[in-house]
2 protein chains.
Amino acid sequence: MGVRKEQAAQTQAALKAAALRQFAERGYLNTKITDITAAAGRATGSFYQHFASKEDLLAALLADMHEQAGASLSGAEDGAPHDLTDRDQLRAHLAAAWRVMRANRPVLTAVYESSMAAPPAPGASWARLAADTVMFRDHLEYLRAQGHVLPGDPALIGAAMGAMLSTLGFALLPMEPDAPAEPEPGYSDDQVIDTVTDLLLYGLAGRP
Amino acid sequence: MGVRKEQAAQTQAALKAAALRQFAERGYLNTKITDITAAAGRATGSFYQHFASKEDLLAALLADMHEQAGASLSGAEDGAPHDLTDRDQLRAHLAAAWRVMRANRPVLTAVYESSMAAPPAPGASWARLAADTVMFRDHLEYLRAQGHVLPGDPALIGAAMGAMLSTLGFALLPMEPDAPAEPEPGYSDDQVIDTVTDLLLYGLAGRP
DNA sequence: GTCTATATCGCGATAGAC
DNA sequence: GTCTATCGCGATATAGAC
């Protein structure tokens, strides 16, 4: 790799890292291009050598995340469908999702903020939620095929589960991947995952 | 009421109604002051005679909503705590919340968009979620005091329930209060509420 | 490839006539 | 109270030197 290309790669990485920090501090929508370049120690104009816009940068960050998450999950999620009515397996699924959210909170929040700024298209919110919860839906459909009686349509239940988990994540997870539990609500990761697991498995009525 | 004050009230109402329509069409963040005045058939400058800013207008719309919702719920929600492990009572609660969301989707979405645009304060998301779900928490604490075993902390469970419900509402409810069910997912209100009720009461494992 | 300097523009907000 | 006209700021994006 030539020296010029190498410097370009360094600058691009610096911009990405700075953007991540700024998004966590100010929020995606409040972050200006100049905030990012300043935090990266670069000039304003350099930004456009690497990204066409703030949205473009976000897309790049999201791609990076998918690459990492795909690699780390490929081992955990093998081909065989899991039984979500088995407490250990359900808990493992929820814990894995929680870990991914914790590790990527700034990007996920930024994507979310970005989507809120776009003009609302009918059905767009459902489409996103459904797409983000296909894994749940597939497992539930498998369960139903086995003869298990579910409380409703698999896609709807999967969406409901994902809705609960992701919204709790936004409310409870810190922006820094490995920050300690905040004193405010003070729930530990295990506490949250155990509660959600039992709530989703046995409901308010409790274990039979 | 004098003729001048009366006209002022008319203009203010027209601005509010126009804002509601514009928020539903373009989203709160994308709506400019001039969009609102144009849709209301008024001049740009007239806006500031009634509201200090777009945020101020939103606060007024939210106050209107609370007034209406408070009146309509005062009959339904009496002082006595309900038993959320009774299916009919749980379902009634969820259905009431769903109706309020359906009737006020544009305002609720606007408030949400507005909160996403603000710089993120640690604990703010949790504080909002917790505040919006105090009713659930209170009922759950009552249940626990009765000796019922819950899957976790009442505030956390209440937040999880509210998270599921509100996110599903944003994904499924139309912007117009009485629009028919969209063909896309195609779930009816009853279908959604029944599914959520059974999922929250008995979980994936199902009724004992 | 990176820098400084600047053009450009959308939009919130106000001034002043009616 | 409502209108027309305009000011001024903040932020994106580009031009051109190094």
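A, B, ... follow the sequence lines: proteins, then strands. Residue 1 opens every chain.
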Legend entry - Of residues 27-34 of chain B, the positions that come close to DNA chain C - non-hydrogen atoms, cut-off under 4.0 Å: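 Correct list: B/K32, B/I33.
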Inset, instruction - Report, as yes or no, whether the 6.0 Å neighbourhood of atom CD on B/Q89 holds more than 12 heavy atoms from other residues, nucleotides or ligands. - result: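 Yes.
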Legend entry - Heavy-atom closest contact (A/A171 atom, B/L129 atom, distance):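 Taking A/A171 first and B/L129 second, the nearest heavy atoms are CB-CD2, 3.8 Å.
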Legend entry - Separation of D/dA13 C1' from A/E55 CD (nearest whole Å):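 Result: 15 Å.
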Inset, instruction - Let me know the distance between CZ of B/R42 and C1' of D/dT4, rounded to the nearest Å. - result: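 Checked: the CZ to C1' distance equals 16 Å.
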Legend entry - Spacing of A/E25 atom CD and A/T31 atom OG1 [to the nearest 0.5 Å]: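 Here the rounded value is 8.5 Å.
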Legend entry - First and last nucleotide of DNA chain C, 5' to 3', lying under 4.0 Å from heavy atoms of chain A: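 Going 5' to 3' along DNA chain C, contacts run C/dG1 to C/dT4.
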Legend entry - Sub-4.5 Å side-chain heavy-atom contact between A/E113 and A/L58: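 Of all side-chain heavy-atom pairs linking A/L58 with A/E113, none is under 4.5 Å.
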Legend entry - Reference residue A/F136; test side-chain contact (heavy atoms from CB on, under 4.5 Å); the match among A/T133, A/D132, A/V134: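 The option that passes is A/T133.
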Inset, instruction - Please work out if B/Q7 contacts a base, only the sugar-phosphate, or nothing of the nucleic acid, heavy-atom cut-off 4.0 Å. - result: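 The residue B/Q7 makes sugar-phosphate contact but no base contact.
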Legend entry - Nearest-nucleotide 5' precedence on DNA chain D, B/K5 against B/T44: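 Nearest-nucleotide comparison on DNA chain D picks B/K5.
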Legend entry - Residues within residues 14-26 of chain B bordering DNA chain D, heavy-atom distance below 4.0 Å: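 Contacts with DNA chain D under 4.0 Å: none.
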